[in-house]
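Computed over heavy atoms, backbone and side chain alike; hydrogens, waters and symmetry mates excluded.
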Amino acid sequence: MILTSAQSTQNNPPDGTGLHIGVFDSGLGGLSVLRAIHHHLPSAHLMYVADSAHAPYGERDEAFIIRRSAIIGDFLVSQGAQILVVACNTATAAAVATLRQHLAALPVVGVEPGVKPAVALSRNHRIGVLATPRTLDSNKFQHLVQNHSNNAELVLQACPGLAKEIERGALDSPHLRALIKQFCEPLRQAQVDTVVLGCTHYPFVIPLIQQEMGDSVHLVDTAEAVARHTARIAAKLECENKASPTPSIQLWTSGQASHLSAVAQNWLQWPLHAESLPLDVA
Ligand code: DGL
């Protein structure tokens, strides 16, 4: 498998050059989903946008998230994306329905907190959900709970500030540890045996959450499921076997490109070079 850094932000039409998948998040968290997609579709050309200048989305209003999602979706389509993955629970809850209308010709894959797998895993039927305030407040999440909690007791814990602290890139700061301790405490009190990681930033702090919750508690991350779903769509598009001549991963950000490059290399161990988004997209 070859990883090359992006050399160009020119329009990158997909014809004959393999599958192009656009992925975005409010910031760096969606890299957890990008990693899983790359694992399942190593020959696909992956294009990732981190909207770090506008993160965290979890404390923004819905109209703002819809607007940013449409701008970034359009940008990724202009770069040749044939599938769009919204690698953000918050943006999915706020904007996926609008995006699907807006980009009607394109499959749009969303992510949602893994309540369904958690219900299947839990033995004591007590499940904690860690997510952004915006995700937990959304109608989409309320429907998910109504339709799939199956009488399990759900302890919903909003985590304001947690994604923002993870965005800083240091995964072991005292402030990060303090936030995780604070947000895990009600879940420990409720003796949950399963915790849903309802934000794509949180998989990067699994060791700290596991330490707080104890080794016997299951942590549920949906990145793998989203990647498998994306691979099924790719198979239907029948282009997953036409590998790009140089399968590569391109990263753009509305924040600092050097920060995204450093974090992607550090967290994913991939030698990637990020670029700034064009001004009209950032
Ligand atoms: N990574 C995001 C999510 O999955 C959002 C974090 C944020 O920007 O608040 O919800």
Side-chain angles (χ1 to χ4, degrees), residues 11-15 18-27 29-41 44-51 54-55 57-58 60 62-116 131-132 134-135 138-141 143-144 147-148 198-201 221-240 249-254 277 281:
N11 197 352
N12 194 359
D15 27 299
L19 178 65
H20 285 53
I21 303 177
V23 182
F24 79 91
D25 178 41
S26 63
L31 292 172
S32 59
V33 179
L34 186 80
R35 174 173 58 188
I37 295 172
H38 177 61
H39 177 72
H40 283 269
L41 292 164
H45 183 95
L46 304 184
M47 303 179 292
Y48 182 87
V49 170
D51 198 14
H54 304 284
Y57 282 1
R60 299 276 194 177
E62 195 173 89
F64 180 89
I65 300 169
I66 290 174
R67 200 162 58 243
R68 288 302 301 162
S69 298
I71 291 170
I72 293 167
D74 285 343
F75 170 73
L76 286 166
V77 169
S78 79
Q79 298 298 314
Q82 296 156 291
I83 300 174
L84 182 68
V85 179
V86 185
C88 175
N89 293 265
T90 312
T92 298
V96 79
T98 314
L99 267 181
R100 285 186 177 133
Q101 282 174 352
H102 182 65
L103 303 171
L106 205 75
V108 178
V109 177
V111 303
E112 63 183 14
V115 170
K116 286 179 251 182
T132 69
R134 171 65 50 205
T135 296
S138 68
N139 290 334
K140 204 166 187 321
F141 182 73
H143 286 139
L144 181 70
N147 295 332
H148 297 284
C199 167
T200 54
H201 282 68
D221 170 23
T222 53
E224 276 295 313
V226 170
R228 282 196 301 272
H229 183 55
T230 306
R232 281 194 293 275
I233 294 175
K236 277 196 201 137
L237 289 179
E238 290 184 338
C239 48
E240 79 282 7
I249 299 178
Q250 285 178 278
L251 306 177
W252 291 272
T253 178
S254 56
L277 278 170
V281 182

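Atom NE2 of His229 and atom CD1 of Ile83 lie 9.0 Å apart (nearest 0.5 Å). Here CG of Leu99 is found 5.5 Å from CZ of Phe24. Values are rounded to the nearest 0.5 Å. Here Arg228 contributes atom CZ and Ile37 contributes atom CD1; the two are 12.5 Å apart, rounded to the nearest 0.5 Å. Within the model, atoms CE of Met47 and CD of Gln250 stand 6.5 Å from one another, a figure rounded to the nearest 0.5 Å. In this structure, CG on Leu31 lies 8.0 Å from CG on Asp25, to the nearest 0.5 angstrom.
At least one donor-acceptor pair closer than 3.5 Å links the side chain of His143 to the backbone N or O of Asn139. No donor-acceptor distance shorter than 3.5 angstrom exists from the side chain of Ser138 to the backbone of Ala94, with no hydrogens or angles considered. The closest donor-acceptor contact from the side chain of Tyr57 to the backbone of Arg134 lies at 3.5 Å or more, if one exists at all.
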Check the pair Leu251, Leu34 against side chain to side chain contact (heavy atoms under 4.5 Å, CB included), reporting the backbone distance first and the verdict last. CA-CA 10 Å; Leu251 306 177; Leu34 186 80; 4.2 Å; yes
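Remark: His40 pairs with Glu224 by the side-chain hydrogen bond (donor to acceptor under 3.5 Å, both in side chains) rule, at least two apart or across chains.
Side-chain contact between Val96 and Lys140 is present, with at least one heavy-atom pair separated by less than 4.5 Å. Side-chain contact between Asn147 and Lys116: absent, with no pair of heavy atoms (C-beta onward) separated by less than 4.5 Å.
Contact detail for Gly27 and Ala50: the closest heavy-atom pair is O-CB, 3.3 Å. The two residues His38 and Ile249 make their nearest non-hydrogen contact at ND1-CD1, 4.1 Å. In terms of heavy-atom proximity, Ser26 sits nearest to His201 at OG-CE1, 3.7 Å. A pairwise comparison of heavy atoms in Gln82 and Pro107 identifies O-CD, 3.2 Å as the closest pair. Ala223 approaches Val33 most closely through the heavy-atom pair CB-CA, 4.2 Å. Heavy-atom minimum distance, Trp252 versus Gln79: CZ2-OE1, 3.9 Å.
Under the 30°/60° scheme for interplanar angles, the aromatic rings of His54 and Phe64 are found to be tilted.
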Give the table of side-chain donor-acceptor pairs shorter than 3.5 Å for residues 84-91, with sequence neighbours excluded, one pair per line with atom names and distance.
unit_1	atom_1	unit_2	atom_2	d
Asn89	ND2	Gly198	O	3.2
Thr90	OG1	Thr132	OG1	2.9
Thr90	OG1	Thr135	OG1	3.2

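Sorted by first and then second residue, the side-chain hydrogen bond (donor to acceptor under 3.5 Å, both in side chains) pairs involving residues 62-76 (not counting sequence neighbours) are Asp51-Arg68, Asp74-His102.
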